[in-house]
Engineer: 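I am attaching a structure below and will ask some questions about it afterwards.
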2 protein chains.
Amino acid sequence: MAQDARSGGEALLFLTDEQLRKGIEAMFFAYRGFTADPDRILQQYGYGRAHHRAVHFIHRSPGTTVNNLLGILGVTKQSLNRVLRTLIEDGLVESRVGTRDKRERHLFLTEAGIALERELSDAQRKRMRDAYRAVGPDAVAGFRKVLEAMMEPEYRRYFKSLKEGE
Amino acid sequence: MAQDARSGGEALLFLTDEQLRKGIEAMFFAYRGFTADPDRILQQYGYGRAHHRAVHFIHRSPGTTVNNLLGILGVTKQSLNRVLRTLIEDGLVESRVGTRDKRERHLFLTEAGIALERELSDAQRKRMRDAYRAVGPDAVAGFRKVLEAMMEPEYRRYFKSLKEGE
DNA sequence: ATTTTACGTCAGTGTTGTTGACATTCCAAG
DNA sequence: CTTGGAATGTCAACAACACTGACGTAAAAT
């Protein structure tokens with residue numbers, strides 16, 4: 001299991017256990033930075049990350065159903081429901097009964113919901129844009145490649161199915 | 001704020017709002033993949049991510065104090081204390097009163113703690129190694145650059161201060 | 001001697017995950 | 001057409017883990 005740094009040439013150096021450990025820690029600290037700005041904003045509204053995720057993916061796919069969202073977010077429907085309920089009560093999300101299948105609820109952001117989504121994603125995009133600018137396009141391409149390779153296959157498929165601009 | 005894709009040349013394409021949004025989603029899905037294996041293992045022991053983080057950084061810096069850990073993990077002492085207490089009770093972590101400063105508690109992993117840490121980090125390293133292998137060293141270098149750029153400055157300083165193999 | 005630091009603990013609260021029970025709707029087999 | 005099961009979503013209760021605030025102890029610093 002352990003690959004010794006002494007035995008690794010340049011081409012393998014990035015695969016030593018300690019290099020990998022450093023990569024793990026990089027993910028940990030980076031993800032915290034990545035969520036820091038939205039977390040601050042959400043706190044002002046009394047929301048948490050779960051609300052952010054819901055708002056984000058409803059914005060990404062307006063009219064999506066609760067079941068769809070469940071699959072993407074990877075949580076139980078009960079957990080998602082609590083979040084959706086508060087968002088609906090607060091007038092950020094609208095839930096419309098399906099026309100073809102009345103069991104389904106189609107979810108849409110209201111004007112207020114769109115405004116919150118923009119506030120959150122502006123902050124998060126700014127951090128990502130600054131990071132991208134600091135490192136250049138080649139590094140960004142590598143970044144995206146590694147992230148995709150790290151996803152669980154089912155979600156990687158979903159991720160790749162998203163058009164770059166939809 | 002919005003940069004239109006139509007106006008962006010090749011060099012700027014990766015900075016459009018939609019490209020950035022895709023990057024945000026990549027982080028979300030990748031981080032979940034990144035934590036999936038340890039989460040499964042931790043569940044068998046009745047632990048959570050908080051325990052994982054504590055065990056990881058105690059292993060990284062044996063003899064670290066509670067206050068040190070607090071700063072690295074970015075949680076309150078009450079929150080960390082709950083986790084440490086269970087780890088100590090279960091015999092995974094040892095807390096030794098400081099010799100120079102008797103107010104401090106120095107934290108060490110026991111044999112059992114080292115075993116759990118290895119089980120967790122083996123799983124996580126395997127995923128990262130597979131991802132690295134799939135994309136090659138150049139992509140990995142870019143990955144690391146972007147992650148570093150995304151960290152909060154204070155943690156980036158700490159991260160960079162860690163030797164690659166300590 | 002007083003203040004500050006390091007650590008631990010108790011109590012209370014909020015977000016977010018879980019399971020269990022239940023209502024509604026759709027669909028297909030009898 | 002009716003009935004039973006599957007799918008969708010809601011409500012209630014509980015657990016994990018974060019937070020704040022208050023308090024106590026011991027030791028170091030001033």
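Quick caveat: nothing in here was measured; it's all calculated off a predicted structure.
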Engineer: At 4.0 Å (heavy atoms only), tell me whether A/K102 reaches a base, stays on the sugar-phosphate, or touches nothing.
Structural biologist: sugar-phosphate

Engineer: Rounded to whole Å, please give me the gap between CD in A/E104 and P in D/dA7.
Structural biologist: 13 Å

Engineer: Relative to A/Y155, does B/R32 satisfy both conditions: NZ or CZ under 6.0 angstrom from the six-membered ring centre, and within 45 degrees of the ring's axis?
Structural biologist: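 Cation-pi check for B/R32 and A/Y155: passes.
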
Engineer: Which pairs, with at least one residue in residues 45-58 of chain B and sequence neighbours excluded, count as a salt bridge (charged side-chain N to carboxylate O under 4.0 Å, His left out)?
Structural biologist: B/D39-B/R49

Engineer: When you match A/V75 and A/Q78 each to their closest nucleotide on DNA chain C, which lands nearer the 5' end?
Structural biologist: A/V75

Engineer: Counting any heavy atom closer than 4.0 Å, what does A/G46 reach on the DNA or RNA strands: base, sugar-phosphate only, or nothing?
Structural biologist: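 Result for A/G46 = sugar-phosphate.
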
Engineer: Do side-chain atoms of B/T64 reach the backbone of B/I58 as a donor and acceptor pair under 3.5 angstrom?
Structural biologist: no

Engineer: State whether the number of non-hydrogen atoms from other residues, nucleotides or ligands found under 6.0 Å of B/R156 atom CZ is greater than 12.
Structural biologist: yes

Engineer: Do A/K22 and B/F159 meet the cation-pi criteria used here (NZ or CZ under 6.0 Å from the six-membered ring centre, within 45° of the axis)?
Structural biologist: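 A/K22 over B/F159 ring: yes.
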
Engineer: Please report, to 0.1 Å, the donor-acceptor pairs under 3.5 Å made by any side chain of residues 77-90 of chain B, with sequence neighbours excluded.
Structural biologist:
unit_1 : atom_1 : unit_2 : atom_2 : d
B/T86  : OG1    : B/H51  : NE2    : 3.3
B/T86  : OG1    : B/V83  : O      : 2.8
B/D90  : OD2    : B/Y47  : OH     : 2.4

Engineer: With respect to the side chain of A/N81, which nucleotide from D/dC11, D/dA18, D/dG21 is positioned closest?
Structural biologist: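 From the listed options, D/dC11 comes nearest.
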
Engineer: Specify the separation, in whole Å, of atom CG of B/L87 and atom P of D/dA16.
Structural biologist: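 Between P of D/dA16 and CG of B/L87: 14 Å.
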
Engineer: With no hydrogens and no angle check, just 3.5 Å: does a side-chain donor-acceptor pair link B/E25 and A/H56?
Structural biologist: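 Their side chains do contain a donor-acceptor pair, which is all the 3.5 Å distance test asks for.
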
Engineer: Can you find a donor-acceptor pair, distance only, under 3.5 Å between B/R82 side chain and D/dA16 base?
Structural biologist: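 Checked by distance alone, the answer is no.
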
Engineer: Under 4.0 Å from a heavy atom of chain A: give me the 5'-most and 3'-most nucleotides of DNA chain C that qualify.
Structural biologist: C/dT15 to C/dC26

Engineer: Using a heavy-atom cut-off of 4.0 Å across all strands, would you classify A/R49 as base, sugar-phosphate, or nothing?
Structural biologist: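 Counting heavy atoms under 4.0 Å across all strands, the contact made by A/R49 is with sugar-phosphate only.
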
Engineer: Atom CG of A/L80 to atom P of D/dG9: distance rounded to whole Å?
Structural biologist: 9 Å

Engineer: Using atom NZ of B/K77 as one end and atom C1' of D/dC17 as the other, report the distance to the nearest whole Å.
Structural biologist: 18 Å

Engineer: Would you indicate what B/H51 reaches in the nucleic acid, counting non-hydrogen atoms under 4.0 angstrom: base, sugar-phosphate, or nothing?
Structural biologist: sugar-phosphate

